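Remarks on the structure that follows.
Letters A, B, ... are given to chains in the order of the sequence lines, protein chains preceding strands, and every chain is numbered from 1. The structure presented is a predicted model; accordingly, all values stated were derived computationally and were not measured.
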2 protein chains.
Amino acid sequence: MSQAQILSKNQQIVLDIIEKAKGPLKAYSILFNVQKKGINAPQQIYRALDKLIEMGKIHKIESKNAFVACRSSNCEISKATAFSICESCEMVDEISDVKLSKYISSFNHKKGMKFKRFNLEFFGLCKKCK
Amino acid sequence: MSQAQILSKNQQIVLDIIEKAKGPLKAYSILFNVQKKGINAPQQIYRALDKLIEMGKIHKIESKNAFVACRSSNCEISKATAFSICESCEMVDEISDVKLSKYISSFNHKKGMKFKRFNLEFFGLCKKCK
DNA sequence: TAACAAAGTGTTATAATATAACATTTATTA
DNA sequence: TAATAAATGTTATATTATAACACTTTGTTA
Ligand SMILES: [Zn+2]
Ligand SMILES: [Zn+2]
Ligand SMILES: [Zn+2]
Ligand SMILES: [Zn+2]
């Protein structure tokens with residue numbers, strides 16, 4: 001059984017902000033939000049972000065250069081991530097669909113490449129924006 | 001029948017370079033490669049890139065901020081893109097697998113979002129790097 | 001517990017990626 | 001040919017991300 005990760009001070013501060021946010025956050029917007037807490041430099045943010053990603057606590061939305069908290073408890077440390085992204089309101093929602101994930105994970109590339117992980121981003125209009 | 005797109009001068013220059021490249025190219029590396037051709041500013045590159053993406057001639061590899069030529073003739077203007085990416089040598093290969101693409105396209109999000117397009121990036125080690 | 005190693009922090013500087021804004025030119029079409 | 005749309009050239013600036021170095025805290029192990 002893997003014990004609950006203990007986070008460092010900066011990691012906890014950054015994670016708290018990302019978890020409280022309604023949508024994806026950009027690194028510099030996180031930075032501006034924590035300057036009162038004594039974090040002054042981008043490095044401090046990026047280092048925390050890197051570790052949090054490694055731990056699977058957050059994910060990077062590549063198409064937006066932004067970060068969201070992981071909402072799926074069974075998200076196997078980010079080996080198989082999928083997101084739906086609203087092109088109008090910027091809302092991002094993590095998709096955890098075992099069938100979809102299994103199907104994609106089992107996809108075999110003709111050219112003999114063995115995949116370790118994948119990231120899938122869907123784009124469209126969310127219910128509200130339709 | 002859609003007639004062959006006629007490209008503007010800058011669009012053609014940028015496309016040529018991307019098509020000749022063996023791997024994904026970054027915007028500034030394209031820029032450095034075309035300065036002899038009279039293109040001097042990032043804007044000129046990014047504008048061409050934007051149009052080429054719109055036309056489906058190239059794709060952006062989001063996880064790398066880099067661009068590759070579209071190799072799949074039936075790539076329906078980038079509504080459904082998939083790539084395999086080698087984490088060691090940076091090689092990128094466009095996957096055109098109708099079954100995979102159909103399966104993912106038909107995925108229905110529970111929260112009522114209708115998807116217009118998706119982008120899937122696989123990561124691993126290619127044959128050579130394994 | 002002293003010594004060492006590993007992980008985290010703080011800081012300054014800079015690199016890399018991308019867009020804003022505006023003037024001008026070229027191509028298209030009415 | 002006049003009006004419109006698309007593309008270009010240019011300068012400046014915004015945004016995202018990493019390098020490098022000195023120091024501190026935490027964990028491990030002799
Ligand atoms: Zn997750
Ligand atoms: Zn929306
Ligand atoms: Zn394609
Ligand atoms: Zn490789």
Side-chain donor/acceptor of A:Tyr28 to base of D:dA17, under 3.5 Å: yes

Whole-Å distance separating the CD atom of B:Gln12 from the C1' atom of D:dT8: 16 Å

Sugar-phosphate only, base, or nothing, as touched by A:Lys60 at under 4.0 Å among non-hydrogen atoms: sugar-phosphate

D:dT8 phosphate, OP1 or OP2, under 4.0 Å from B:Lys37 side-chain N/O: no

Presence of B:Lys51 side-chain N/O under 4.0 Å of D:dA7 phosphate oxygens OP1/OP2: yes

Length of the line joining A:Asp50:CG and C:dG8:C1', which is rounded to integer Å: 13 Å

Interatomic distance where CG belongs to A:Asn10 and P belongs to D:dT26 [whole Å]: 13 Å

Pairwise 5' ranking along DNA chain D for B:Pro42 and B:Gln11, keeping only the more 5' one: B:Gln11

Touch class at under 4.0 angstrom, heavy-atom based, for B:Gln43 against every strand present: base

Side-chain (A:Glu94) to main-chain (A:Arg71) donor-acceptor, under 3.5 angstrom: yes

Position toward the 5' end of DNA chain C (nearest nucleotide), A:Asn40 or A:Met55: A:Met55

Euclidean distance, B:Lys127 NZ relative to A:Lys114 NZ, rounded to 0.5 Å: 15.0 Å

Selected nucleotide, minimal atom distance to A:Gln44 side chain, candidates C:dG10, D:dT10, D:dT16: C:dG10

Euclidean distance, atom OH of residue B:Tyr46 to atom P of D:dT16 [Å, nearest integer]: 13 Å

Listed nucleotide nearest any side-chain atom of B:Arg47, set D:dT8, D:dA17, D:dA20: D:dT8

Separation of atom CG in A:Leu25 from atom P in D:dT16, rounded to whole Å: 12 Å

Donor-acceptor contact below 3.5 Å, side chain A:Ser105 vs main chain A:Ser101: yes

Lys/Arg-Asp/Glu bridge criterion (N-O < 4.0 Å) met for B:Lys116, A:Glu87: yes

A:Lys26, nearest nucleotide to its side chain (from D:dT16, D:dA7, D:dT11): D:dT16

Phosphate OP1/OP2 of D:dA17 contacted by B:Lys64 side-chain N/O (<4.0 Å): no

Protein-nucleotide distance (B:Ile61, atom CD1; C:dT17, atom C1'), rounded to Å: 16 Å

Contact under 4.0 Å: B:Ser8 side-chain N or O vs D:dT8 OP1/OP2: yes

Donor-acceptor pair, side chain of A:Glu121 and main chain of A:Ser63, under 3.5 angstrom: yes

Integer-rounded Å distance: C:dA16 C1' and B:Leu31 CG: 12 Å

Rounded distance (Å) that lies between atom P of D:dA17 and atom CG of B:Asn65: 7 Å

